[in-house]
Amino acid sequence: MQITSQTKTIALIGHPIAHSRSPEMHNAALQYYNLPYVYLAYDISIEQFSDAINGMKALGFIGWNVTIPHKVRIMEHLDECAVDASEIGAVNTVVRQDQKWIGYNTDGMGYLRSLKEEGKIDVKGKRVVILGAGGAARAVGYALATSAVEQIVVANRTLSKAEQLAKHLEKWTKTDVRPIYDCKQAIQEAALVVNTTSVGMHPHVNDCPIDPTWLHEDLLVSDLIYEPRQTALLQAASSIGAKTHNGLGMLIHQAAYAFELWLGKQAPIERMRSALTERG
């Protein structure tokens, strides 16, 4: 694209940020429509955070993405938050609307869009096991709980964290908790298992968050990890004939939803996907 005096900026802020694939996706989408924007990533420390936000507002940004460790901190700098962000308790997308700064969380919706597109599952009335109880589990759990699933079992190493998440989600659906080392029965009764933990990421690619013998062929096994594309958990699921779903689609669809919020245009999903997969 040609950078001119009319070019405006959208951004990602976080710390660290060098690993992010967001600039590739968003710049591909912007170029697809030949829009006068560029998407950049800024490594912003906690000490710099308030100054950076004030600067971005003053410079006329139409919005930006937020990642670790600023997803909660950003909320006190906004005029209001959408329901999804308030319920999840974190913001990953900021949008300027009528001179106000509004916080959204696109992770949950991105996950559901990806699950529908790739997993080919209707979650209504289904039993779900979520592995982990951190921020990703909260976003995915909220999205599933508000989609009329029958029950969500939160399995985590620290049971108190699982209980906190389950209590929050029971506003919308039935919940239960299990230690992650003792959730065999819950998995055998489930239609969907979602790994929101980091177990299986590089460099520990041979690690699996649960005993793979607990899986069964009627499951859809979903892993939010996208590098590697086939984690040990997904390989185990495939080997017994279960359906699998990795985290690449969620990464793309949460970005696409943010793009739509900023620019009011349908995101070019396949172009964004190609921007990631062309590089591998």
Side-chain angles (χ1 to χ4, degrees), residues 1 9-14 16-41 62-68 71 84 92-95 104-123 135-136 139-140 143-144 147 192-196 198 200-202 205 220-235 237-238 242-280:
M1 66 176 294
T9 310
I10 310 172
L12 169 67
I13 59 171
I17 211 72
H19 65 284
S20 176
R21 308 292 299 275
S22 292
E24 294 161 75
M25 284 190 293
H26 281 292
N27 284 312
L30 293 167
Q31 291 165 23
Y32 177 88
Y33 283 114
N34 196 29
L35 295 171
Y37 293 92
V38 63
Y39 184 103
L40 300 174
I62 64 166
W64 57 85
N65 285 136
V66 187
T67 191
I68 295 170
K71 287 186 174 185
D84 56 358
N92 77 338
T93 301
V94 176
V95 183
Y104 293 85
N105 192 304
T106 66
D107 285 334
M109 180 60 72
Y111 179 75
L112 285 182
R113 288 184 179 184
S114 172
L115 197 67
K116 181 178 180 180
E117 176 188 271
E118 300 171 24
K120 310 299 183 184
I121 184 175
D122 181 0
V123 298
V140 168
L144 291 169
S147 297
L192 172 65
V193 172
V194 188
N195 177 40
T196 70
S198 60
M201 290 179 66
H202 287 293
V205 295
L220 171 59
V221 181
S222 178
D223 198 326
L224 301 195
I225 295 171
Y226 56 89
E227 289 183 358
R229 304 280 168 80
Q230 287 295 308
T231 60
L233 176 64
L234 296 186
Q235 290 176 39
S238 293
K243 295 180 181 179
T244 63
H245 170 251
N246 69 25
L248 185 65
M250 177 180 174
L251 177 69
I252 295 166
H253 280 281
Q254 62 81 24
Y257 184 24
F259 180 92
E260 293 162 8
L261 289 170
W262 290 323
L263 297 161
K265 292 180 177 291
Q266 183 175 350
I269 298 293
E270 292 311 312
R271 182 68 192 94
M272 297 172 80
R273 191 187 309 276
S274 295
L276 296 184
T277 56
E278 284 169 2
R279 200 184 80 175

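Counting from 1, the numbers follow the sequence of the chain as shown.
Between the Glu118 side chain and the Leu115 main chain, no donor and acceptor come within less than 3.5 Å of each other. In this structure, Ser114 contributes its side chain and Gly110 its backbone to no donor-acceptor pair below 3.5 Å. Looking at Arg21, its side chain does come within 3.5 Å of a backbone N or O of Leu276 through a donor-acceptor pair. Using a distance-only test at 3.5 Å, with no hydrogens or angles considered, a donor-acceptor pair links the side chain of Thr106 to the main chain of Gln254. When atom types are taken as modelled, the side chain of Trp262 and the backbone of Val94 share a donor-acceptor pair closer than 3.5 angstrom.
Among all heavy-atom pairs drawn from Ala256 and Ala267, the shortest one is CB-CB, 3.5 Å. The nearest pair of heavy atoms linking Ser20 to Ser22 is OG-N, 3.1 Å. The nearest pair of heavy atoms linking Gly14 to Thr67 is CA-CG2, 3.7 Å. Between Gly247 and Tyr226, the shortest heavy-atom contact is C-CB, 3.6 Å. The shortest heavy-atom contact between Ala275 and Ala28 is CB-CB, 3.7 Å. Heavy atoms only, all atoms of each residue included: Ala232 and Val205 are closest at CB-O, 3.7 Å.
Asn65 contributes atom CG, which lies 3.5 Å from atom OH of Tyr39 (distance to the nearest 0.5 angstrom). Between the CD1 atom in Ile252 and the CE atom in Met25 there is a gap of 7.0 Å [rounded to 0.5 Å]. For the atom pair OG of Ser147 and OH of Tyr111, the computed distance is 10.5 Å after rounding to the nearest 0.5 Å. Separating the NE2 atom in His245 from the NZ atom in Lys116 is a distance of 13.5 Å, to the nearest 0.5 Å. A distance of 12.0 Å separates CH2 in Trp64 from OG1 in Thr9, rounded to the nearest 0.5 Å. Between atom CG of residue Leu12 and atom NE2 of residue His26 there is a gap of 8.0 Å, rounded to the nearest 0.5 Å.
You'll find the side chain of Ser222 stays beyond 4.5 Å of the side chain of Met250, heavy atoms only. Here the side chains of Ile62 and Tyr37 are in contact, with some heavy-atom distance below 4.5 Å. Side-chain atoms of Lys243 and Ile121, non-hydrogen and from C-beta on, never get closer than 4.5 Å to each other. Two residues are said to be in side-chain contact when any heavy atoms from C-beta on lie closer than 4.5 Å; Leu112 and Leu144 meet this criterion.
Counting non-hydrogen atoms of other residues, nucleotides and ligands closer than 6.0 Å to CD of Gln266 gives a total of 12 or fewer. Atom CG of Leu40 sits in a crowded spot, with more than 12 heavy atoms from other residues, nucleotides or ligands closer than 6.0 Å. No more than 12 heavy-atom neighbours from other residues, nucleotides or ligands sit within 6.0 angstrom of OH on Tyr32.
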Practice problem: For side-chain contact (heavy atoms from CB on, under 4.5 Å), just list the numbers for Lys71 and Asp107, CA-CA rounded to whole Å, side-chain angles, deciding distance to a tenth of an Å, and then say yes or no. | Solution: CA-CA 12 Å; Lys71 287 186 174 185; Asp107 285 334; 3.2 Å; yes
Self-check item: Verdict with supporting geometry, Arg113 and Ile269, side-chain contact (heavy atoms from CB on, under 4.5 Å)
Solution: CA-CA 11 Å; Arg113 288 184 179 184; Ile269 298 293; 5.8 Å; no
Quiz prompt | Verdict with reasoning, Asn27 to Val38, per side-chain contact (heavy atoms from CB on, under 4.5 Å) | solution = CA-CA 6 Å; Asn27 284 312; Val38 63; 3.8 Å; yes
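No hydrogens or angles considered: nothing links the side chains of Tyr257 and Thr93 as a donor-acceptor pair under 3.5 Å. Side-chain polar atoms of Thr231 and Asn246 form no donor-acceptor pair below 3.5 angstrom.
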